[in-house]
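Below: one structure, written as structure tokens.
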Amino acid sequence: QVDLVESGGGSVEAGGSLRLSCVDSTYTGTTVTFGQYCMAWFRQAPGKEREGVARIASDGRTYYADSVKGRFTISRDSAKYTLLLEMSSLEPDDTAMYYCAARWGACVRDLASANFHYWGQGTQVTVSG
């Protein structure tokens with residue numbers, strides 16, 4: 001089983017930066033928990049549908065939504081048990097609840113919420129200005 005927990009959200013001014021992280025709270029230190037997973041970040045603003053932001057496969061290949069290309073970076077740490085989302089040049093339109101998600105096995109072509117099995121509870125990002 002996987003229990004995902006996000007952190008790092010907060011309030012920043014437009015143009016600022018923020019780093020989100022996601023960990024598996026069930027990790028015992030005896031295995032590399034995320035090694036066989038496709039990992040992703042999604043976000044949802046009030047009154048809008050949930051949208052995919054970025055995705056990273058077990059082999060390190062990444063994909064980004066057009067709206068965040070060049071501004072956001074998804075990665076795993078060296079131990080592969082922490083998922084990161086580094087955000088820069090933040091805009092008010094980036095304001096949303098951000099969710100970490102995981103899918104067992106290979107990534108699929110569509111970055112859609114229905115393709116992911118495990119979800120965190122979310123961390124709020126608010127961008128002013």
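The first residue of the sequence shown is numbered 1, and numbering continues consecutively from there.
Under 3.5 Å, the side chains of Ser21 and Ser7 contain a donor-acceptor pair of N or O atoms. Between the side chains of Arg55 and Tyr63, no donor-acceptor pair of N or O atoms lies under 3.5 Å.
Put simply, Val53 and Leu90 are part of the same group of oily side chains (I, L, V, M, F, W, Y) that touch within less than 4.5 Å, one to the next. Linking Ile, Leu, Val, Met, Phe, Trp and Tyr residues whenever their side-chain heavy atoms come within less than 4.5 Å leaves Met97 and Val12 in two separate clusters. Tyr98 and Ile56 fall within a single hydrophobic cluster, where Ile, Leu, Val, Met, Phe, Trp and Tyr are joined by side-chain heavy atoms under 4.5 Å apart, directly or via other members. No continuous path of ILVMFWY side-chain contacts below 4.5 Å connects Leu111 to Met87, so the two sit in separate hydrophobic clusters. Cluster membership check: Leu85 shares its hydrophobic cluster with Met39, using side-chain heavy-atom separations under 4.5 Å among Ile, Leu, Val, Met, Phe, Trp and Tyr.
Residue Gln121 comes nearest to Glu6 through the heavy atom pair N-OE1, 3.1 Å, listed as atom of the first residue, atom of the second, then distance. Nearest approach of Cys100 to Leu83, heavy atoms of both residues: SG-CD2, 3.8 Å. When all heavy atoms of Gly129 and Pro92 are compared, the pair lying nearest together is C-CG, 3.9 Å. Nearest approach of Lys69 to Tyr64, heavy atoms of both residues: CE-O, 3.3 Å. Scanning both residues, Val127 and Thr95, for their nearest heavy atoms gives N-OG1, 2.9 Å. Contact record, Ala40 with Phe42: CB-CE1, 3.8 Å, taken as the closest heavy-atom pair.
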Pair Leu84, Leu20 - check side chain to side chain contact (heavy atoms under 4.5 Å, CB included), show working.
CA-CA 6 Å; Leu84 303 175; Leu20 308 183; over 6 Å; no
Pair Arg43-Val68, side chain to side chain contact (heavy atoms under 4.5 Å, CB included): steps then yes or no:
CA-CA 12 Å; Arg43 67 186 182 185; Val68 305; 4.1 Å; yes
ring-ring contact (aromatic ring centres under 6.0 Å, His included) for Phe72 and Trp41? Distances and angles first, verdict last.
CA-CA 11 Å; Phe72 291 11; Trp41 288 96; 9.9 Å; no
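For the pair Arg103 and Trp119, the NZ or CZ position fails the cation-pi test of under 6.0 Å to the six-membered ring centre and within 45 degrees of the ring normal.
With hydrogens and angles disregarded, no donor-acceptor distance shorter than 3.5 Å links the side chain of Asp24 to the backbone of Leu4. Formation of a donor-acceptor pair under 3.5 Å by the Arg76 side chain with backbone atoms of Ala57 is found in this model. Counting only distance, with no hydrogens or angles, the side chain of Thr126 and the backbone of Ser11 share no donor-acceptor pair below 3.5 Å. In this structure, the side chain of Thr82 does not engage the main chain of Val23 through any donor-acceptor pair within 3.5 Å. A side-chain donor-acceptor contact under 3.5 Å links Ser88 to the backbone of Arg71. When atom types are taken as modelled, the side chain of Asp59 and the backbone of Arg61 share a donor-acceptor pair closer than 3.5 angstrom.
Here the OG-CD distance, from Ser17 to Glu86, works out to 9.0 Å after rounding to the nearest 0.5 Å. Taking CZ of Arg19 as the start and OG of Ser75 as the end, the distance is 8.5 Å to the nearest 0.5 Å. Considering CD of Gln44 and CD of Glu51, their distance stands at 9.5 Å, rounded to 0.5 Å.
Within 6.0 Å of CD in Gln124 there are more than 12 heavy atoms belonging to other residues, nucleotides or ligands.
Trp104 and Tyr37 have their aromatic ring centers within a separation under 6.0 angstrom.
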